[in-house]
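Computation of the quantities below employed the complete heavy-atom set of this structure, encompassing side-chain atoms and omitting hydrogens, waters and symmetry-equivalent molecules. One is the number of the first residue; the rest follow in order along the sequence.
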Amino acid sequence: MTDATTSADAGNVAPVTATEAATGQTPPTTTTSQVGTSPASWRDSLPEDIKTSTSLSKFETLEGFAKSYVNLERMLGSEKVPVPKEGDEEGWQRYYKAGGLPEKPEDYGFAQPEQVPDGMVYSQELDQRLAGIMHGAGLNKSQAAKVREQLMTIVSEGGTAQLEAGQKAEAERKAAIQAGEESLKQEWGTAFEQRGKVAGAAINKFLSPETIAAMDAAGLANNPAIIKDMYNLGVKLAGEKELIGASGEMASPADLDAQIASFREKHGSALFDRSHPDHSQRTKELTALFERRFPEQRV
C-alpha cells in the first residue's frame, strides 16, 4: 500500500491480512458506486406465493404497508363479518345486524311528519307496512329514513299532479254543466224552474235508488241533457200534474211563440179592427201572452 490513498477512499478499503502483507498482494477495492444491484425490497423476505402479489406491490416500504393495515382495521371496526354467499339467510341476517339493522320495524321510529305534503294523506298503517318492508330488506335506520323521505317526495309529486288533474277535470265539468243550464234556461224560459222540478220528480219516480246514487256519484244528476230527457220522459209517462201537482203548467218560450201565432191567426179580425166588439178583450189576452213570453220587458 502507498501513502497516496486518499481519505475519501479510506472508508471503502478492506483490512489487510497478514498473508496479504507478506506476499504484497491485496484484494481489489470495491465501492458502493461500483455495485450495480438495487436495494433489497421488504417483500423479499416473504414466501414466494405472497411476495409477488399485486396487492403488495403498491407498498414501497413495510411502514407503508403497516399504516394501510391499521387504517383498514379502523374502517372495518372491531366486528369482522364477511359478506355471505347468496342463499345464506342466517349469514345475511348477521351481516345486516352488523350494519345497523334494528331489532324490529318499530325501532325505525316512523311517525307522522309535522308537515304532510300537498296531495297526500298520512296513513299510519301504510307507514308501518313500509317499516316492515324495509326491515325485511335489512336496511339500517339511516338507509330506511332516506328511502322513506324519497318515497314520500315521489308520492307527493304524483299526488299533486293527480290533484291538479282532478281539479281541472272538475272545473271543466262544472263549466259544461253551467253552459248547459244557460242553454236550457234560454230554451225553457220562465218554465225552467218548474220543468226542473218535473225532471227531478221523474228521476225519483222512475229510477231505482241505486241508479240515482250512481248518477249523483258521477255528477249526472245536474247534467242539463239528463234533466231535459227526464222532463220529457216524465211528461209522456205521467204528466206534470201527476208528478208535481196542479201548480199550473209553465210554457217554454217556444210554446208561447206557438200560442201567440195561433192566437193571432184565430182572433186576427178582432185584434186589428178597433170597431170589433171583442177588440179590447182579445188585445188584453194577446198582451198577457207577450208578457209571459218576454217577462223582462214587462212594464
Side-chain angles (χ1 to χ4, degrees), residues 105 108 110-134 137 144-240 242-244 247 249-257 295-296:
Y108 285 125
F110 289 173
Q112 180 173 350
E114 294 183 0
Q115 292 184 344
V116 178
D118 294 337
M120 274 190 64
V121 177
Y122 176 77
S123 170
Q124 184 178 8
E125 180 183 356
L126 292 179
D127 216 7
Q128 291 174 349
R129 287 178 58 187
L130 179 62
I133 293 173
M134 292 183 175
K146 190 67 175 178
V147 172
R148 180 174 180 256
E149 178 185 356
Q150 294 300 316
L151 181 60
M152 291 182 68
T153 300
I154 293 173
V155 173
S156 174
E157 292 174 352
T160 300
Q162 290 182 350
L163 180 62
E164 292 176 351
Q167 291 174 341
K168 181 180 179 182
E170 179 64 12
E172 292 176 350
R173 186 185 69 84
K174 288 183 177 180
I177 289 177
Q178 185 174 1
E181 286 182 354
E182 292 299 324
S183 175
L184 205 55
K185 285 180 179 179
Q186 292 180 5
E187 181 179 346
W188 282 353
T190 56
F192 176 78
E193 290 188 10
Q194 180 169 327
R195 292 190 175 187
K197 292 179 182 179
V198 173
I203 289 175
N204 292 326
K205 183 176 180 64
F206 299 116
L207 301 183
S208 67
E210 293 78 11
T211 301
I212 295 174
M215 289 174 61
D216 287 337
L220 296 176
N222 294 324
N223 188 290
I226 298 294
I227 293 174
K228 186 175 181 179
D229 287 345
M230 291 309 301
Y231 168 77
N232 293 330
L233 179 65
V235 170
K236 289 181 179 179
L237 295 181
E240 286 191 4
E242 175 67 23
L243 291 171
I244 62 174
S247 58
E249 182 179 358
M250 297 294 291
S252 68
D255 293 336
L256 290 171
D257 287 339
E296 68 278 2

Heavy-atom closest pair (Arg148 atom, Ala111 atom, distance to 0.1 Å) is NH2-O, 2.8 Å

Does the side-chain contact (heavy atoms from CB on, under 4.5 Å) test come out yes or no for Met134 and Tyr108, once each step is laid out?
CA-CA 9 Å; Met134 292 183 175; Tyr108 285 125; 4.1 Å; yes

Considering residues at least two apart in sequence or located in another chain, which fulfil the salt bridge (Lys or Arg N to Asp or Glu O under 4.0 Å) criterion with Glu187?
Lys228

With Asp257, which residues qualify under salt bridge (Lys or Arg N to Asp or Glu O under 4.0 Å), at least two apart?
Arg293

Could you measure the distance from the CG atom of Leu220 to the OG1 atom of Thr211? Nearest 0.5 Å is fine.
11.5 Å

Aromatic plane relationship, Phe192 with Trp188 - under 30° parallel, 30 to 60° tilted, over 60° perpendicular
tilted

Looking at Gln178, I want to see if its CD is surrounded by more than 12 non-hydrogen atoms of other residues, nucleotides or ligands under 6.0 Å.
no

More than 12 foreign heavy atoms under 6.0 Å from CD of Gln124: is that the case here?
no

Which pair of non-hydrogen atoms, one from Leu184 and one from Pro224, has the smallest distance, and what is that distance?
CD2-O, 3.9 Å

Any side-chain heavy atom of Tyr122 sitting closer than 4.5 Å to one from Met152?
no

To the nearest 0.5 Å, tell me how far Leu237 CG sits from Asn232 CG.
10.5 Å

Nearest 0.5 Å, please: how far is CG in Leu126 from CG in Leu151?
10.0 Å

Any chance you could measure Tyr231, atom OH, to Ile203, atom CD1, to the nearest 0.5 Å?
14.0 Å

Report the distance from atom CE of Met215 to atom CE of Met230, rounding to the nearest 0.5 Å.
7.0 Å

With rounding to the nearest 0.5 angstrom, report the CG to CD1 distance, Leu233 to Ile226.
11.0 Å

